[in-house]
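Heads up, the thing below is written out as structure tokens.
The chains referred to below are lettered A, B, ... by the order of the sequence lines, with proteins before strands, and numbering in each begins at 1.
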Amino acid sequence: MAEPSERVNLWCMSTVSSAPLTTIASIGQYEGQSVTLRGWLYNLRSSGKLLFPTFRDGTGTIQGIVPKAAVPEELFETLKNLTLESSVVVTGKVRADSRAPSGFELDVEDVIVTQRIPDETPYPIQLKEAGVDFLMEHRHLWIRTPRQSAILRVRATIMRAAAEYFDTNGFFRTDPPILTPNACEGTSELFEMEYFDNDKAYLTQSGQLYIEATAMALGKVYSFGPTFRAEKSKTRRHLTEFWMIEPEVTYLELDGLMSLAEGFLTHIVARVLEAHRGDLKVIGKDVTKLEAITAPGEFPRLSYDDAHKMLLDAHAKGLIENAHVYGDDFGSPDETYISNQFEKPVMVHRYPAEVKAFYMQPDPLDPTRALCVDVLAPEGYGEIIGGSQRVDSYDLLKSRIEQHGLPMDAFQWYLDLRKYGSVPHSGFGMGIERCVAWICGLEHVRETIPFARTLNRIYP
RNA sequence: UCCUGAGUAGCUCAAUGGCAGAGCAUUCGGCUGUUAACCGAAGGGUUGUAGGUUCGAGUCCUACCUCAGGAGCCA
């Protein structure tokens, strides 16, 4: 058996062959030519004197063909005995073939094995089924599989498109601190840590209060970064560490905020459809559901009261188990039902102020309502955006802080924003992982981020 | 925190209280168009942990551990 070794250095690879270096995603441009790919052996089938190695390189997969009679003996033996996920530099001629899923195959001419995985320690992840626990324990390897790679590529586009929407609409990115001295919203569990000698610090659970301050400096701002919640939630929608993008805009009221959210989500979906139809196919997402988002027509806007009536009707018809109690927030089954009634994301606004955060502006037409909006993604994915107009009165904000039993000292700087040139302003936050889960049609948010942090898992 | 379910070969799973099994993976052999290829053979086990019931426990009981799904809360 040929025993290729780690004999290849990255900087000399370009001299191995005169063929142009390319990626699997763009290999169609080279039909009829020889090219060089750098990647890994994804799978290997054989039929007597014919080998079918499948290669992957992070942009896609392609099947190679190696007839014994057409290549040197050493090359054939090397490939025949190559172990899955060994790293390789492959040179071959690109050929269109209707039998290939991607439309192209590679007639292999040369292979340099960068590292051969030894027989005694085979690659642990099989192409066949595996359980959640095993896959999460091997997340560092699981992300190599075509479906997981496709999800991560879509995630990258969603993150870029989200930032791009604000960058091209006059926003300034102003990221808040990740270490904070107190709870922004006071109630939820926070990750606590020592801050030098006598102080505690907490990992941020939202940058909102800080970007209200930067909005007062710059007008239209957004932040984009990780947030942390020590909630003991074990569901398909929760992570303890997740990424949030949050715009905050001065002189913007609730209606304008909803329009902003609508334009923002539409832009993201459009960008994903532009760039990732192939990936969405690998993932198994029905793209017609996404095309419905970018089709003409506004996102439905539903008041809390209307949503409540919708839920009562549904309960009367036996479509949901529990009758919604007027005045309560919506539970997950309620949100799922509401979102399933629409093709587009639905914006539910003006919840009872009592169930919402202290900083939300009351509706002047009915002060028991908060000027807030939750955007519920279609197909039962639930809340992906939560936002509101903020309290702009010093006196009202101060009394709210008192009512909620929050430490006044910690909020002095926040109150200053209402003391010195207060203006109406609004903002929202979108959790990237829930957005990715919705757009990709995933069962669980743990697949939307390279290394998910959940209640029971912090390895790898 | 509460409710429910699951832990058996590297992986996915079977096994009426009565001999510990299969598929995939690995190794060896066969096949010139395979698409998670297929065919033949071999190796591979402290049934999550600790007790208990029983002639006999993977199976029944108790406790614990781990994981999963859901509720609440949230993005």
Exercise for review: Sort out for me which residue in A/K220, A/R390, A/Q208 forms a side chain to side chain donor-acceptor pair (under 3.5 Å) with A/E248.
Suggested key: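 Of all the options given, the one that passes is A/R390.
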Nearest to the side chain of [X], which nucleotide is it out of [options]?
X      : options             : result
A/E383 : B/U32, B/A75, B/C73 : B/A75
A/P122 : B/U34, B/U12, B/U26 : B/U26
A/F242 : B/A68, B/U32, B/A75 : B/A75
A/R237 : B/G33, B/C74, B/C67 : B/C74
A/R457 : B/U1, B/A68, B/G33  : B/A68
A/S47  : B/C73, B/U32, B/U1  : B/U32
A/K128 : B/C24, B/G33, B/G69 : B/C24
A/S233 : B/C67, B/U32, B/C73 : B/C73

[X] has an atom [atom1]; how far is it from atom [atom2] of [N], in whole Å?
X      : N     : atom1 : atom2 : value
A/K234 : B/U1  : NZ    : P     : 9 Å
A/M136 : B/C11 : CE    : C1'   : 17 Å
A/I117 : B/U26 : CD1   : C1'   : 13 Å
A/L51  : B/U32 : CG    : C1'   : 10 Å
A/H444 : B/C67 : NE2   : P     : 13 Å
A/Q208 : B/A75 : CD    : C1'   : 12 Å

Review point. So which one's nearest nucleotide on RNA chain B is more toward 5', A/G331 or A/G386?
Key: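 Comparing both residues, the 5'-ward one is A/G331.
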Exercise for review: Using the closest heavy atom to pick a nucleotide of RNA chain B for each, name whichever of A/S46 or A/Q126 lands nearer the 5' end.
Suggested key: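 Looking at RNA chain B, the more 5' nearest nucleotide goes with A/Q126.
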Point to revise | A/H315 and A/E321 side chains, donor-acceptor separation under 3.5 Å | key: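 Checked: A/E321/A/H315 side chains show no N/O donor-acceptor pair below 3.5 Å.
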Point to revise | Side chain A/S86, main chain A/L82, donor-acceptor under 3.5 Å | key: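 Checking the backbone N and O of A/L82 against the side chain of A/S86, no donor-acceptor pair under 3.5 Å is found.
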Check your understanding: Parallel, tilted or perpendicular: which fits the ring planes of A/F428 and A/F166, with parallel below 30° and perpendicular above 60°?
Key ->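 Tilted, since the angle between the ring planes falls between 30° and 60°.
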